[in-house]
Amino acid sequence: MFSIEHEFDSTVVTLVDEKASHLQEDVVINLFEDCITIEQYDERSDRVQKITLSISMAEDLAAALDLPEGVYKIARD
């Protein structure tokens with residue numbers, strides 16, 4: 001399950017783990033104009049962990065989901 005919300009300066013996607021035998025914490029993805037952040041609560045440290053991706057890194061990740069094993073470079077205009 002997931003939700004999509006449009007905020008003032010970003011789009012927020014929240015992914016909810018429903019089917020795993022050990023449920024993971026929700027993942028919150030914030031899509032800004034210049035970057036994407038991914039956040040998840042870590043119960044071991046009692047903190048929210050955050051990863052920031054540039055837009056080009058996110059585009060590479062999206063492309064990688066449909067490619068076989070290997071090393072790739074995407075040509076950008």
Side-chain angles (χ1 to χ4, degrees):
M1 181 174 85
F2 63 93
S3 68
I4 301 171
E5 301 172 57
H6 298 290
E7 302 290 334
F8 172 72
D9 62 346
S10 70
T11 297
V12 179
V13 177
T14 302
L15 307 175
V16 179
D17 190 6
E18 292 185 290
K19 297 186 178 184
S21 60
H22 175 71
L23 297 179
Q24 300 295 316
E25 294 291 333
D26 295 354
V27 173
V28 178
I29 304 166
N30 291 285
L31 298 102
F32 296 96
E33 184 177 326
D34 60 344
C35 69
I36 295 172
T37 63
I38 303 168
E39 300 174 347
Q40 185 177 41
Y41 174 73
D42 179 6
E43 64 183 32
R44 292 171 293 177
S45 65
D46 193 31
R47 296 179 55 200
V48 173
Q49 303 295 326
K50 181 189 281 190
I51 297 172
T52 302
L53 302 174
S54 68
I55 298 301
S56 64
M57 291 169 74
E59 290 169 346
D60 289 351
L61 175 59
L65 296 175
D66 292 326
L67 294 170
E69 184 176 336
V71 177
Y72 300 90
K73 182 174 182 174
I74 296 176
R76 292 184 167 58
D77 296 334

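Worth knowing before you read on, the calculation uses all heavy atoms, side chains too, and leaves out hydrogens, waters and symmetry mates. Remember, it's a predicted structure, so these values are computed and weren't measured experimentally.
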Can you name the side-chain contact (heavy atoms from CB on, under 4.5 Å) partners of D42, sequence neighbours left out? R44, S45, Q49
side-chain contact (heavy atoms from CB on, under 4.5 Å) with L15: which residues, sequence neighbours excluded? F2, V13, V27, I29
Which residues satisfy the side-chain contact (heavy atoms from CB on, under 4.5 Å) test with L65, sequence neighbours excluded? none
Once salt bridge (Lys or Arg N to Asp or Glu O under 4.0 Å) is applied, what residue pairs with a partner in residues 49-58 remain, sequence neighbours excluded? E39-K50
Shared hydrophobic cluster for V28 and L31 (ILVMFWY, side-chain gaps under 4.5 Å): no
Between I55 and C35 the two heavy atoms that sit nearest each other are CD1-N, 3.8 Å
Determine whether I38 and V48 fall in the same hydrophobic cluster, where Ile, Leu, Val, Met, Phe, Trp and Tyr are linked whenever their side-chain heavy atoms lie under 4.5 Å apart. no
Side-chain contact, heavy-atom cut-off 4.5 Å: H6 with I4? yes
Evaluate the side-chain contact (heavy atoms from CB on, under 4.5 Å) criterion for residues Y41 and D46: first the C-alpha distance (whole Å), next the side-chain angles of each, then the deciding distance (0.1 Å), finally the verdict. CA-CA 7 Å; Y41 174 73; D46 193 31; 2.5 Å; yes
Working to the nearest 0.5 Å, report the span between CD1 of I36 and CD of E59. 8.5 Å
More than 12 heavy atoms of other groups within 6.0 Å of E18 CD: yes
Please find the pair of heavy atoms, one from I74 and one from A63, that lie closest to each other, and give the distance. CD1-CB, 3.5 Å
Which pairs pass side chain to side chain donor-acceptor pair (under 3.5 Å) with one or both residues in residues 60-73, sequence neighbours excluded? D60-R76
Pair listing, side chain to side chain donor-acceptor pair (under 3.5 Å) test, anchored in residues 23-34, at least two apart: N30-T37
